[in-house]
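Encoded as structure tokens, the structure appears first; notes follow it.
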Amino acid sequence: MDVADLPGVPDWLPDHLRDDGIEELYPPQAEAVDAGVTQGQNIVAAIPTASGKTLVAELAMLSAVARGGKALYIVPLRALASEKQAEFEQFEQYGLEIGVSTGNYESDGGWLGDKDIVVATSEKVDSLVRNDAPWLEELTCVVSDEVHLVDDGQRGPTLEVTLAKLRRLNPDLQTVALSATIGNADELATWLDAELVDSDWRPIELQKGVHYGQALHVEDGSQRRLAVQNNEKPTAAVVRDTLQDDYDEDGNLVEAGGSSLVFVNSRRNAEAAAGRLGSTVRPHLTSEEEAELADVAAEIRGVSDTETSDDLADAVEQGAAFHHAGLARGHRELVEDAFRDRLVKVVCATPTLAAGVNTPSRRVVVRDWRRYDGTAGGMQPLSVLEVHQMMGRAGRPGMDPYGEAVLVANSHDELDELFERYVWADPEPVRSKLAAEPAMRTHILATVASGFARSRSGLLEFLEETLYASQTDETGRLERVVDDMLTYLERNEFLEIDGGDGEARSASKSSGDEPRDELDATSLGHTVSSLYLDPMSAAEIIDGLRDWQRSAAESTTADSDGGFTTASELADEQAAAGEADPDDISALGLYHLVSRTPDMYQLYLRSGDREEYEMELYEREDELLGPTPSEFEDDRFEDWLSALKTARLLEDWADEVEEDTITERYGVGPGDIRGKVETAEWLLGAAESLASEIDTDAARAVSEARIRVEHGVREELVDLAGVRGVGRKRARRLFEAGIGDRAELRDAAKPVVLAALRGRRKTAENVLENAGHRDPSMEGVEPDSDVDVLDDDPRDRDEDGVETGEDQSSLGDF
DNA sequence: GAAGGTGTGTTCTAGACAGCATGTC
DNA sequence: CTAGAACACACCTTC
């Protein structure tokens with residue numbers, strides 16, 4: 001189909017596409033147009049990655065906007081939100097406005113309601129629905145990217161419910177769902193009343209194969225010699241083969257050496273493999289490439305002072321890299337960019353890269369096809385869908401003649417098994433996971449709180465519009481889970497059933513009457529839903545805070561030894577008790593409280609950890625909020641301990657312990673610290689709202705704990721760290737130079753400030769300006785040589801990562 | 001006697017969304 | 001209950 005023949009699209013689009021070199025649509029795109037994407041028709045497009053899904057989405061959105069509408073593009077990852085934003089910004093020249101909204105980022109320049117196309121994560125959209133964003137009703141087109149993720153137990157239900165809600169809000173909404181090739185795309189189409197485009201057409205051919213022994217066995221039945229040299233691992237042989245230039249019989253260069261993407265099953269394996277493959281890659285680098293790689297390596301070292309950072313930089317110097325979720329954001333982006341620029345020749349990655357941003361490669365090697373899964377009790381094979389997603393990264397459009405995806409077999413039996421299991425197999429069907437309890441807990445409360453259902457029957461009726469309902473005939477299960485969760489939500493005071501106190505419901509049941517089933521969210525329930533908390537997390541936090549309030553009150557009472565003589569004295573005493581002293585709450589107690597909620601992904605207890613944290617628990621038990629579970633309640637006690645480990649990490653961070661020390665002490669990567677801190681920040685913010693909602697005196701302490709963890713500083717630096725451009729390190733340096741807070745920073749002698757900031761003039765000027773200094777100029781100022789500046793190398797510091805100073809005594813037991 | 005190979009026991013395990021109000025070194 | 005790569009370490013071989 002020629003781009004000139006597109007119905008319903010804006011006039012400028014055909015020329016725009018031609019400028020991009022697009023004259024003709026790919027077959028699946030043409031199919032989507034025939035099915036009516038540009039005319040408001042619902043579409044499910046199940047087609048491979050890199051076969052032009054984005055253009056299908058763009059056709060739908062642009063034609064919707066051309067008709068005076070407004071489009072929403074839902075992505076599963078924040079990183080994809082920014083990638084799509086960059087892509088859609090090409091249309092700004094035609095007057096379209098693009099907006100982005102994720103948890104940590106919202107595009108500026110006006111209200112989202114004024115944008116023509118908004119990109120957001122599914123959770124953000126869910127949250128917008130819960131908080132009643134008015135512009136959602138103006139949507140005429142919604143695109144859901146990677147919709148096969150409805151199969152995900154954790155996050156799938158959110159997408160499923162959100163789509164159902166958007167469609168109910170606006171019955172005329174055009175729904176475009178983009179999916180990987182899956183077994184049951186037709187079921188998705190039925191659910192969404194959509195036309196189905198199901199195709200495995202790809203713009204570049206993808207050849208799948210399995211390497212075993214000295215040969216690569218390709219799916220078409222052919223074999224290619226791919227020799228494993230002395231002591232080399234098969235993966236290294238495949239990577240080396242990819243690096244070599246190919247020539248035809250006449251000696252002409254057919255194809256220059258290419259890059260490989262190697263998928264492995266653990267972070268450690270990724271790092272080890274990258275280190276080893278470096279020696280495979282190095283001989284193939286030009287000196288120019290080596291110099292550029294050295295620059296990238298230097299940037300990587302600049303991102304953080306950790307071992308991970310050093311290891312990554314070492315690998316990159318050799319032209320190899322690793323990629324996993326333990327990397328800091330900066331690390332990830334540097335690796336992805338260097339790989340896209342063909343500078344880094346091999347990336348060894350965990351599945352982060354298969355689901356994440358677009359990083360195609362000449363060849364993909366799936367080395368490990370089993371992954372540890374604690375719940376299943378051992379190694380479990382990856383799903384076909386997952387492996388196909390990885391293999392689909394092979395082949396860069398316009399750059400490679402074809403892509404190759406290689407599985408690695410270690411035995412002849414495995415060779416056969418891999419062909420059966422992955423090369424020739426169709427992906428699994430996608431199944432809704434909505435009926436699982438944690439998902440129901442959250443979404444029932446949200447559905448009631450935001451007014452989508454006001455009764456049990458209304459709730460069930462709404463749930464009929466989900467994929468779950470369309471995939472099952474067994475209505476009994478759904479009803480049972482709904483009732484269980486309603487009871488749970490009522491018991492925790494998030495919901496009122498029948499406007500009553502819980503007795504009414506069971507009474508009506510036993511009397512055999514028609515169940516009076518009105519549902520209403522309590523004020524607390526509304527708060528929990530709009531905070532986007534799992535109700536179970538909210539319940540845990542509320543219990544913990546109430547427990548603290550109670551015990552604080554008791555200790556106040558116990559202090560007054562006299563006993564009460566009159567009623568008024570009793571009242572006074574209770575009032576005093578009611579104002580429990582927030583200073584009694586330790587930061588650790590609060591960190592532990594949020595770390596044990598289901599919204600915090602806890603750290604793993606390693607061997608030896610159990611003993612260590614049992615000791616820690618014994619020493620600091622009275623700081624924790626709520627009663628410690630008995631050691632015989634194995635699971636809960638285990639959770640309590642790993643929450644303590646997580647809480648200790650947060651405490652260290654808020655105690656200004658060096659990043660390097662933390663990564664080593666807890667066996668995590670720099671990116672994990674950021675992740676934990678971010679989650680804790682969010683949960684403590686939610687805890688702050690809950691604390692005021694349930695009327696405890698803890699709000700102030702919670703707020704302080706949150707600010708400390710946000711900036712990673714001790715109490716005395718909270719004010720300084722609030723200045724833009726001042727983080728934990730600069731705040732500490734300024735403090736050590738005698739500058740205690742923002743006001744003192746404004747009045748401080750410039751030479752002192754400059755010296756504290758290690759003579760960086762530009763930085764010092766920025767900092768002073770942000771602190772509100774009248775004349776921040778550092779011109780002609782020389783650093784004060786009397787100021788002791790903290791050494792920049794963390795390895796020179798003592799274990800606490802805090803320079804020995806006057807406040808040494810406050811360090812405590814260390 | 002250093003470098004390297006082989007054998008054995010031990011250790012450890014993927015990912016990442018959200019409130020609210022603004023910004024690390 | 002289920003795996004398997006990587007590593008640390010001991011021990012041996014080889015030049």
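In what follows, every heavy atom counts, from backbone to side chain, and hydrogens, waters and symmetry copies are set aside. We name chains A, B, ... by the order of the sequence lines, and we start the count at 1 in each one.
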Open item on the list: By the definition salt bridge (Lys or Arg N to Asp or Glu O under 4.0 Å), identify the one residue from A:Arg78, A:Arg329, A:Arg706 that meets it with A:Glu678.
Closed with: A:Arg78
Task: Contact check, side chains of A:Thr442 and A:Met536, non-hydrogen atoms, under 4.5 Å - done: no
Please determine, for [N], whether a Watson-Crick or G-U wobble partner exists with both distances under 3.5 Å, and give it or none.
N: B:dG15; result: none
N: B:dT22; result: none
N: C:dT2; result: none
N: B:dT6; result: C:dA10

Inspect the contact between [Y] and [X] and indicate whether a charged nitrogen and a carboxylate oxygen are less than 4.0 angstrom apart.
X: A:Arg130; Y: A:Asp126; answer: yes
X: A:Asp639; Y: A:Arg596; answer: no
X: A:Asp152; Y: A:Lys433; answer: no
X: A:Asp660; Y: A:Arg665; answer: no

Select one nucleotide: of [options], the one nearest the side-chain heavy atoms of [X].
X: A:Arg370; options: B:dT13, C:dA3, B:dG15; result: C:dA3
X: A:Arg706; options: B:dG19, B:dA16, B:dC12; result: B:dG19
X: A:Arg367; options: B:dC17, C:dA6, B:dG15; result: C:dA6
X: A:Asp152; options: B:dA18, B:dG15, B:dC12; result: B:dG15
X: A:His711; options: B:dT24, B:dA14, B:dG19; result: B:dT24
X: A:Ala272; options: C:dC7, B:dC12, B:dA14; result: C:dC7
X: A:Arg724; options: B:dG19, B:dG23, B:dA16; result: B:dG23
X: A:Ser127; options: B:dG19, C:dA3, B:dA16; result: B:dG19
X: A:Asn269; options: C:dA6, B:dA14, B:dC12; result: C:dA6
X: A:Trp682; options: B:dG19, B:dA14, B:dT11; result: B:dG19

How many whole angstroms separate atom [atom1] of [X] from atom [atom2] of [N]?
X: A:Glu656; N: B:dT24; atom1: CD; atom2: C1'; value: 14 Å
X: A:Glu271; N: C:dA6; atom1: CD; atom2: P; value: 12 Å
X: A:Leu128; N: B:dA18; atom1: CG; atom2: C1'; value: 11 Å
X: A:Tyr604; N: B:dC12; atom1: OH; atom2: P; value: 8 Å
X: A:Leu382; N: B:dG15; atom1: CG; atom2: P; value: 13 Å
X: A:Tyr532; N: B:dC17; atom1: OH; atom2: P; value: 12 Å
X: A:Trp369; N: C:dA3; atom1: CH2; atom2: P; value: 12 Å
X: A:Leu605; N: B:dT13; atom1: CG; atom2: P; value: 11 Å

With respect to the phosphate group of [N], does any side-chain polar atom (N or O) of [X] fall under 4.0 Å of OP1 or OP2?
X: A:Arg78; N: B:dA18; result: yes
X: A:Arg276; N: C:dA6; result: yes
X: A:Arg267; N: B:dG15; result: yes
X: A:Lys124; N: B:dC20; result: no
X: A:Thr350; N: B:dG15; result: yes

Counting any heavy atom closer than 4.0 Å, what does [X] reach on the DNA or RNA strands: base, sugar-phosphate only, or nothing?
X: A:Arg760; result: nothing
X: A:Asn265; result: sugar-phosphate
X: A:Val125; result: nothing
X: A:Glu678; result: nothing
X: A:Arg332; result: sugar-phosphate
X: A:Leu533; result: nothing
X: A:Val264; result: nothing
X: A:Gly675; result: nothing
X: A:Lys676; result: nothing
X: A:Gly725; result: sugar-phosphate
X: A:Thr763; result: nothing
X: A:Thr679; result: base
X: A:Arg674; result: nothing

TODO: Applying side-chain contact (heavy atoms from CB on, under 4.5 Å) between A:Val125 and each of A:Val118, A:Val142, A:Thr162, report the one that passes.
DONE: A:Thr162
Open item on the list: Assess, by modelled atom type and distance only, whether the side chains of A:His331 and A:Ser309 contain a donor and an acceptor separated by less than 3.5 Å.
Closed with: yes
Open item on the list: Can you confirm whether the side chains of A:Glu271 and A:His324 place a donor and an acceptor under 3.5 Å from each other?
Closed with: yes
- [ ] Could you check A:Gln380 against A:Asn410 and say which one's nearest nucleotide on DNA chain C is further toward the 5' end?
- [x] A:Gln380
Open item on the list: With rounding to the closest Å, how many angstrom separate the P atoms on C:dA5 and B:dA14?
Closed with: 15 Å
Open item on the list: Is there aromatic stacking of A:Tyr601 on B:dG15 here, judged by a ring-centre distance under 5.5 Å and a plane angle under 30°?
Closed with: no
Open item on the list: Heavy-atom nearest nucleotide on DNA chain B for A:Ala721 versus A:Glu688: which residue maps closer to 5'?
Closed with: A:Glu688
- [ ] Specify the residue among A:Ala325 and A:Gly302 whose closest nucleotide of DNA chain B lies further upstream toward the 5′ end.
- [x] A:Ala325
